[in-house]
Amino acid sequence: MSKRYIVALLALTLAMVIASFVVMWVSPAHYIAAMPLLALYFGVVCGVQHWVVTRAMSRSPRAFVQVFLGSVVAVLFIHLAVLAVFLFTRTAQARPFLVAFCIGYFASLVFETVALVQYVKAERNRRLGNNS
């Protein structure tokens with residue numbers, strides 16, 4: 001992983017943590033302690049997924065596609081498991097958690113999609129530059 005990606009991921013995670021604390025100050029009734037932890041959760045999952053997928057890119061295009069699709073499915077199942085565990089164990093806090101989870105998921109999905117598109121473009125340009 002590049003330093004640029006790590007800094008951007010840390011900035012996104014920090015922004016999501018700060019946003020959760022803003023909710024605590026603006027609307028304490030809608031704040032739950034899991035909100036800042038969700039930001040860290042999405043940061044870790046996003047980083048691990050990016051590391052696995054970009055490592056597969058160096059092997060072959062076929063491996064990249066297989067690992068990418070497999071990682072997407074695996075991450076979705078992990079997200080479903082986290083949602084199910086929290087929603088069934090803490091039903092009183094289900095709505096704020098679900099809203100925070102959806103916002104975090106959307107933010108991390110957009111971030112990771114942009115990061116992977118940039119990585120694939122840079123890798124393609126690097127390979128085309130080396131072949132010329």
Side-chain angles (χ1 to χ4, degrees):
M1 282 192 291
S2 70
K3 288 181 183 179
R4 183 177 175 179
Y5 175 81
I6 293 170
V7 169
L9 182 60
L10 288 174
L12 173 70
T13 304
L14 182 61
M16 290 185 350
V17 168
I18 290 170
S20 70
F21 287 126
V22 167
V23 170
M24 179 178 68
W25 294 316
V26 173
S27 180
H30 294 102
Y31 176 80
I32 57 173
M35 285 180 181
L37 296 175
L38 275 175
L40 298 174
Y41 163 77
F42 281 113
V44 168
V45 169
C46 215
V48 169
Q49 183 182 18
H50 186 81
W51 177 72
V52 168
V53 170
T54 55
R55 215 178 89 206
M57 180 82 164
S58 63
R59 288 186 284 186
S60 72
R62 182 176 180 200
F64 169 74
V65 171
Q66 289 174 341
V67 169
F68 173 74
L69 293 176
S71 72
V72 167
V73 170
V75 166
L76 285 175
F77 278 120
I78 291 169
H79 290 336
L80 284 174
V82 168
L83 271 174
V85 167
F86 192 90
L87 295 179
F88 287 126
T89 58
R90 305 205 184 255
T91 55
Q93 300 172 334
R95 186 172 291 156
F97 180 82
L98 190 57
V99 169
F101 193 91
C102 288
I103 291 170
Y105 175 74
F106 181 74
S108 67
L109 177 68
V110 169
F111 175 81
E112 189 58 28
T113 301
V114 169
L116 282 176
V117 166
Q118 289 176 343
Y119 181 82
V120 168
K121 281 183 180 179
E123 188 68 18
R124 184 180 59 212
N125 290 339
R126 186 184 66 80
R127 288 182 182 182
L128 289 176
N130 286 344
N131 291 338
S132 301

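In what follows, residues are counted from 1 in the order of the sequence shown. Model, not experiment: these values are computed from the prediction. These numbers come from the heavy atoms of this one structure, side chains and all, not from hydrogens, waters or symmetry mates.
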>> Has T91 got a side-chain atom pairing as donor or acceptor with F88's backbone, closer than 3.5 angstrom?
In response: no
Taking the side chain as every heavy atom from C-beta outward, state whether [X] and [Y] have any pair of such atoms under 4.5 Å apart.
{"X": "V65", "Y": "L69", "answer": "yes"}
{"X": "P36", "Y": "Y41", "answer": "no"}
{"X": "T54", "Y": "E123", "answer": "no"}

> Are V82 and V99 connected in the hydrophobic side-chain network, where two residues link if heavy atoms are under 4.5 Å apart?
Replying inline: no
>> Show, in sequence, the C-alpha distance, side-chain angles and deciding distance for F68 and V52, and conclude whether the side-chain contact (heavy atoms from CB on, under 4.5 Å) test is met.
In response: CA-CA 8 Å; F68 173 74; V52 168; over 6 Å; no
>> Tell me if the aromatic rings of F42 and F101 count as close, with their centers under 6.0 Å from one another.
In response: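 Yes; F101 has its ring centre under 6.0 Å from that of F42.
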Could you measure the distance from the [atom1] atom of [X] to the [atom2] atom of [Y]? Nearest 0.5 Å is fine.
{"X": "L83", "Y": "C102", "atom1": "CG", "atom2": "SG", "value": "7.0 Å"}
{"X": "L116", "Y": "K121", "atom1": "CG", "atom2": "NZ", "value": "12.5 Å"}
{"X": "Y119", "Y": "S2", "atom1": "OH", "atom2": "OG", "value": "9.0 Å"}

>> Evaluate V67 against R59 for side-chain contact (heavy atoms from CB on, under 4.5 Å), listing each step before the verdict.
In response: CA-CA 11 Å; V67 169; R59 288 186 284 186; 3.6 Å; yes
> Is the CZ atom of F86 crowded by more than 12 outside heavy atoms at less than 6.0 Å?
Replying inline: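 Yes, CZ of F86 has more than 12 neighbouring heavy atoms, counting only those of other groups under 6.0 Å.
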For residues 5-30, tabulate all N or O donor-acceptor pairs below 3.5 Å that involve a side-chain atom, not counting sequence neighbours.
from	atom 1	to	atom 2	distance (Å)
Y5	OH	C46	O	3.3
Y5	OH	E112	OE1	2.7
T13	OG1	L9	O	2.9
S20	OG	V17	O	2.5
S27	OG	H30	ND1	2.6

> Step by step, would you call L76 with Y105 a side-chain contact (heavy atoms from CB on, under 4.5 Å)?
Replying inline: CA-CA 10 Å; L76 285 175; Y105 175 74; 3.5 Å; yes
> After noting the C-alpha distance and the side-chain angles of V45 and H79, does the key distance pass the side-chain contact (heavy atoms from CB on, under 4.5 Å) rule?
Replying inline: CA-CA 9 Å; V45 169; H79 290 336; 4.0 Å; yes
